[in-house]
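Written out below as structure tokens is the structure these notes cover.
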Amino acid sequence: MKEQILSLVSQEYPWKDRFCYLEETGSTNDDLKALARQGAPHGTVIIADRQRGGHGRMGRSFHSPGGVGIYFSILLRPDCGPEELMHLTCATAVAMCEAVEAAAGFRPGIKWTNDLVFEKHKLGGILTELGFSAKGRIDYAIVGIGINCCQQETDFPEEIRGIAASLSMVTGKAVDRAKVAAAMMDALYRMDCRLLREKAELLEAYRKDCITIGQEVSLLRVGEPVRHGKATGMDDDGALMVEFSDGTVETVNSGEVSVRGMYGYL
Ligand code: BTN
């Protein structure tokens, strides 16, 4: 698999020497965090065939069986403070839309902030984790992405059946996971080149792919009653603007709330 992926990555991709493919692991994000702390370089990638403990935002698990998905983490070391990196998950989501379009022939949408979706189904998700230097600047950013590629409906556990879908289920065709992984690597390299210099353009691209903006949403904040409103836009850091029935507008960021469509997952 490793050689196959590398043979499909573009000539320009500069990090071929720092790519690790594992048959099985706990979590590629956790592995990469350990490598980051030992000084692994910018652009290091770990992909696993399966994960025993794949996890997502807010402590949720990410179902990661072998042979059907891509479980991918990349280590970035941008020279900046955390306030300059608020848009990293958004920029990654746009890069993943490009990668899926290149490898599977259709463009997914983005459910704010970090889910790749197609027609009310979740195709994958993104988990960004940051480490800081003693001066409070970014030491490392680990971006983990899980994409369901080849599953059929009955392959998903019952609790996510009807919510989750795979690239194959959308296209009705077999999907080449090596091609998806290579497209992800290329798209993330291009994203990294633009990350600190083209924030506004990356967020504008995100707004175009984001299906949440314009929708009625429910806001779920731990320890608070659910509140309903309408997502009216996204600010210049990637936070969602929500208008409530009394006319007040609140800007929410992904660390503090989970957003659901009024009538279900989307
Ligand atoms: C989410 O849906 O909230 C995010 C899911 C992120 C899953 C990926 S799979 C690769 C990497 N390793 C993990 O443990 N999580 C991320």
Side-chain angles (χ1 to χ4, degrees), residues 1 5 25 27-30 32 45-51 53-74 88-129 142-153 155-157 159-188 191 205-206 209-212 238 254 258-261 264-266:
M1 186 68 157
I5 295 171
T25 189
S27 153
T28 54
N29 264 36
D30 294 350
L32 202 47
V45 166
I46 301 181
I47 298 180
D49 181 60
R50 55 188 173 275
Q51 298 182 117
H55 49 89
R57 281 182 55 229
M58 308 204 159
R60 297 189 191 109
S61 67
F62 189 81
H63 185 58
S64 311
V68 288
I70 299 284
Y71 316 114
F72 181 123
S73 298
I74 186 164
L88 176 57
T89 301
C90 292
T92 302
V94 174
M96 292 306 96
C97 289
E98 282 171 18
V100 169
E101 194 170 21
F106 73 96
R107 193 168 183 100
I110 303 165
K111 173 184 170 286
W112 187 87
T113 176
N114 66 324
D115 283 353
L116 296 182
V117 297
F118 189 78
E119 289 180 352
K120 305 196 175 192
H121 290 87
K122 175 164 170 164
L123 299 170
I126 300 165
L127 173 66
T128 303
E129 300 185 273
I142 289 168
V143 187
I145 306 137
I147 299 190
N148 304 323
C149 292
C150 310
Q151 290 94 332
Q152 293 307 310
E153 174 123 35
D155 294 330
F156 291 108
E159 63 273 18
I160 56 172
R161 222 174 271 168
I163 295 176
S166 68
L167 305 185
S168 241
M169 285 163 65
V170 172
T171 59
K173 291 189 213 148
V175 166
D176 180 351
R177 284 187 306 145
K179 199 168 160 187
V180 177
M184 290 167 75
M185 289 161 88
D186 280 331
L188 287 165
M191 181 275 285
Y206 183 96
D209 284 322
C210 180
I211 53 106
T212 308
S254 58
S258 165
V259 170
R260 292 267 175 280
Y265 163 67
L266 276 193

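One-based numbering along the sequence shown.
Atom-to-atom distance recorded for T212:OG1 and K111:NZ is 6.0 Å, nearest 0.5 angstrom. Separating the CD1 atom in I163 from the CG atom in D115 is a distance of 10.5 Å, to the nearest 0.5 Å. We find the CD-CD1 distance between E119 and I211 to be 11.5 Å, quoted to the nearest 0.5 Å. Put simply, NZ on K179 and SG on C149 are 12.0 Å apart, with the number rounded to the nearest 0.5 Å. A distance of 9.0 Å separates OG of S27 from CD1 of I142, quoted to the nearest 0.5 Å. For the atom pair SG of C150 and CG of D155, the computed distance is 9.5 Å after rounding to the nearest 0.5 Å.
Contact record, I110 with C97: CG1-SG, 3.7 Å, taken as the closest heavy-atom pair. When all heavy atoms of A93 and L116 are compared, the pair lying nearest together is O-CD2, 4.0 Å. Across all non-hydrogen atoms, the minimal contact from I47 to V45 is CG1-CG1, 3.9 Å. Taking both residues in full, the closest heavy atoms of S168 and K173 are given as OG-O, 2.8 Å, listed atom of the first, atom of the second, then distance. In this structure, Y71 and F62 approach most closely via the heavy-atom pair CE2-CE2, 4.0 Å. When all heavy atoms of G144 and N29 are compared, the closest pair comes out as CA-OD1, 3.0 Å.
In this structure the side chain of V94 never reaches within 4.5 angstrom of the side chain of M191, judged on heavy atoms. Counting heavy atoms from C-beta outward, V143 and I126 have side chains that approach closer than 4.5 Å.
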Under 3.5 Å, side-chain donor or acceptor atoms of residues 99-109 against the rest of the protein: list the pairs with distances, not counting sequence neighbours.
unit_1	atom_1	unit_2	atom_2	d
E101	OE1	R107	NH1	2.7
R107	NE	D209	OD1	2.9
R107	NE	D209	OD2	3.4
R107	NH2	D209	OD2	2.8

Subject >> Derivation and outcome, side-chain contact (heavy atoms from CB on, under 4.5 Å), residues M169 and F156 >> reply: CA-CA 12 Å; M169 285 163 65; F156 291 108; 3.8 Å; yes

**OP:** Could you please spell out the steps behind the side-chain contact (heavy atoms from CB on, under 4.5 Å) verdict for L167 and L123?
**Re:** CA-CA 7 Å; L167 305 185; L123 299 170; 4.2 Å; yes

Original post:
How far apart are the C-alpha atoms of D30 and H55, what are their side-chain angles, what is the distance that settles it, and do they pass the side chain to side chain donor-acceptor pair (under 3.5 Å) test?
Top reply: CA-CA 10 Å; D30 294 350; H55 49 89; 3.1 Å; yes

Original post:
Could you go step by step and tell me if I145 and I70 meet the side-chain contact (heavy atoms from CB on, under 4.5 Å) rule?
Top reply: CA-CA 8 Å; I145 306 137; I70 299 284; over 6 Å; no

Original post:
L188 and T92: side-chain contact (heavy atoms from CB on, under 4.5 Å), yes or no, with the steps?
Top reply: CA-CA 7 Å; L188 287 165; T92 302; 3.9 Å; yes

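Every residue two or more places apart in sequence or in another chain that forms a salt bridge (Lys or Arg N to Asp or Glu O under 4.0 Å) with D49 is listed here: R177. Contacts of E153 classified as salt bridge (Lys or Arg N to Asp or Glu O under 4.0 Å), with partners at least two apart in sequence or in another chain: none.
Partner I46 forms a side chain to side chain contact (heavy atoms under 4.5 Å, CB included) with one of T28, T25, I74 and no other, that one being T28.
Proximity of a side-chain donor or acceptor of Y206 to a complementary backbone N or O of T89 within less than 3.5 Å is not detected.
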